[in-house]
Amino acid sequence: MLNISIVLYHPKWEQEVLPLVRELLRVKNLRKIYLLDNSEEKGTPPSLPSMEDTKGKMRYMFNGANLGYGKAHNIALRESTYYRTELHLVMNSDIRVKAEDIDAMHDWMIANPQVGQMMPKVVNTDGTQQYLAKRLPSPLDVFGRRFLPEWMMAKRNERYELRDMDLTRPINAPYLSGCFMLLRTKAAVEAGLFDERYFMYPEDIDLTRTIHRNWLTLYYPEWTIVHAHARSSYKNSHMLRIHIQNLCRYFNKWGWFFDKERREMNKMQY
């Protein structure tokens, strides 16, 4: 069985959240959807209460404060642990995916117990690919691509985003995006769940690399999902500050320039 958690903040209920939830309720292997609302004020749409009664398969949790991305998801992940739900899908509300594909991914994960985490191919709304399976970043990878001219970072970005590899094949990547993380609950628990010291952004790097130590963490392009990526830190100075602060926390934890594990995991010769 499968639990799904979605963290919300001032959500676009009618345009984004409710269409997604209606599709997710069609997943045959679904145990429960957790909507974790980090908004400061509750803005429940008229249609939501009736959805909570859909055979007990949806739970709306209003947190009343912005707890952060990983901390909010951990609430649902701990319930998956308590109820021994084998798989847990962490996803954004701006994802579009077919219920049938989630069921197929679920069955594939059950049949491949060595895989601790999986992410399918992710595309933009216009069908172009998003390069969300990556090598572990160095400070130059993350700060250079944000602040240096694109031409200076082009070759380095290509390697960082695995564009030097065959993306039509599965890749055991040490960093998979937090927009869609199909997790084996046991692997996530062994990794300690999301590190709640991060408010948002690098918690997906942190969790994937920790799972990657003992499990396969696969980019698996058999299935494709659509991600309407907002890239908030490129448009909002407040979000940019949050991004930088939390990346500094990440490198303080793992090492800025001396990170032996990063070097080993990034060799990735297939």
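None of the values given here were measured: they were computed from a predicted structure. Heavy atoms only: backbone and side chains are in, while hydrogens, waters and symmetry mates are out. When a residue number appears, it is its place in the shown sequence, counting from 1.
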When you compare the side chain of [Y] with that of [X], does any pair of heavy atoms fall below 4.5 Å?
| X | Y | value |
| --- | --- | --- |
| Met239 | Tyr201 | yes |
| Phe180 | His227 | no |
| Ile6 | Leu20 | yes |
| Met181 | Thr208 | yes |
| Leu36 | Asn63 | yes |
| Met1 | Leu30 | no |
| Lys186 | Glu86 | no |
| Ser39 | Pro11 | yes |

Residue pair [X] / [Y], side-chain donor-acceptor N/O under 3.5 Å:
| X | Y | result |
| --- | --- | --- |
| Arg249 | Asn252 | no |
| Asn74 | Glu196 | yes |
| Glu79 | Tyr34 | yes |
| Gln245 | Tyr198 | no |
| His88 | Thr185 | no |
| Arg156 | Ser138 | yes |

**Prompt:** Would Glu190 and Asn214 satisfy side chain to side chain donor-acceptor pair (under 3.5 Å), going step by step from the backbone distance to the final call?
**Reply:** CA-CA 9 Å; Glu190 285 182 3; Asn214 300 307; 4.8 Å; no
**Message:** For Ile171 versus Leu162, what's the shortest heavy-atom pair and its separation?
**Reply:**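 Between these two residues, the closest heavy atoms are CG2-CD1, 4.1 Å.
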**Minimal non-hydrogen separation, Ala191 against Thr210, with atom names** =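 Looking at all heavy atoms of both residues, the shortest contact is CB-CG2, 3.6 Å.
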**Asked** Given the rule that I, L, V, M, F, W and Y join up when any side-chain heavy atoms are under 4.5 Å apart, are Phe258 and Leu140 in one cluster?
**Response**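 Different hydrophobic clusters.
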Salt bridge or not between [X] and [Y]? Use side-chain N to carboxylate O under 4.0 Å.
| X | Y | value |
| --- | --- | --- |
| Glu23 | Arg26 | yes |
| Glu100 | Lys98 | no |
| Glu222 | Lys121 | no |

Pi-cation contact, [Y] with [X] (under 6.0 Å, within 45°):
| X | Y | result |
| --- | --- | --- |
| Arg135 | Tyr175 | no |
| Arg145 | Tyr160 | no |
| Arg209 | Trp254 | yes |

**Request:** Give me the ring orientation class for Phe251 and Trp256: parallel if the planes are under 30° apart, tilted from 30 to 60°, perpendicular past 60°.
**Result:**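 Because their plane-to-plane angle lies in the 30° to 60° range, the rings of Phe251 and Trp256 count as tilted.
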**Result of checking Leu87, Asp103, Ile110 against Leu2 for side-chain contact (heavy atoms from CB on, under 4.5 Å)** =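 With Leu2 as partner, side-chain contact (heavy atoms from CB on, under 4.5 Å) holds for just one option, Leu87.
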**Asked** Any chance CD of Gln114 has more than 12 other-residue heavy atoms, nucleotides or ligands included, within less than 6.0 Å?
**Response**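 Counting neighbours around CD of Gln114, more than 12 heavy atoms of other residues, nucleotides or ligands fall under 6.0 Å, so yes.
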**Asked** Is the number of heavy atoms from other residues, nucleotides or ligands under 6.0 Å of Lys32 NZ greater than 12?
**Response**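 Enclosed.
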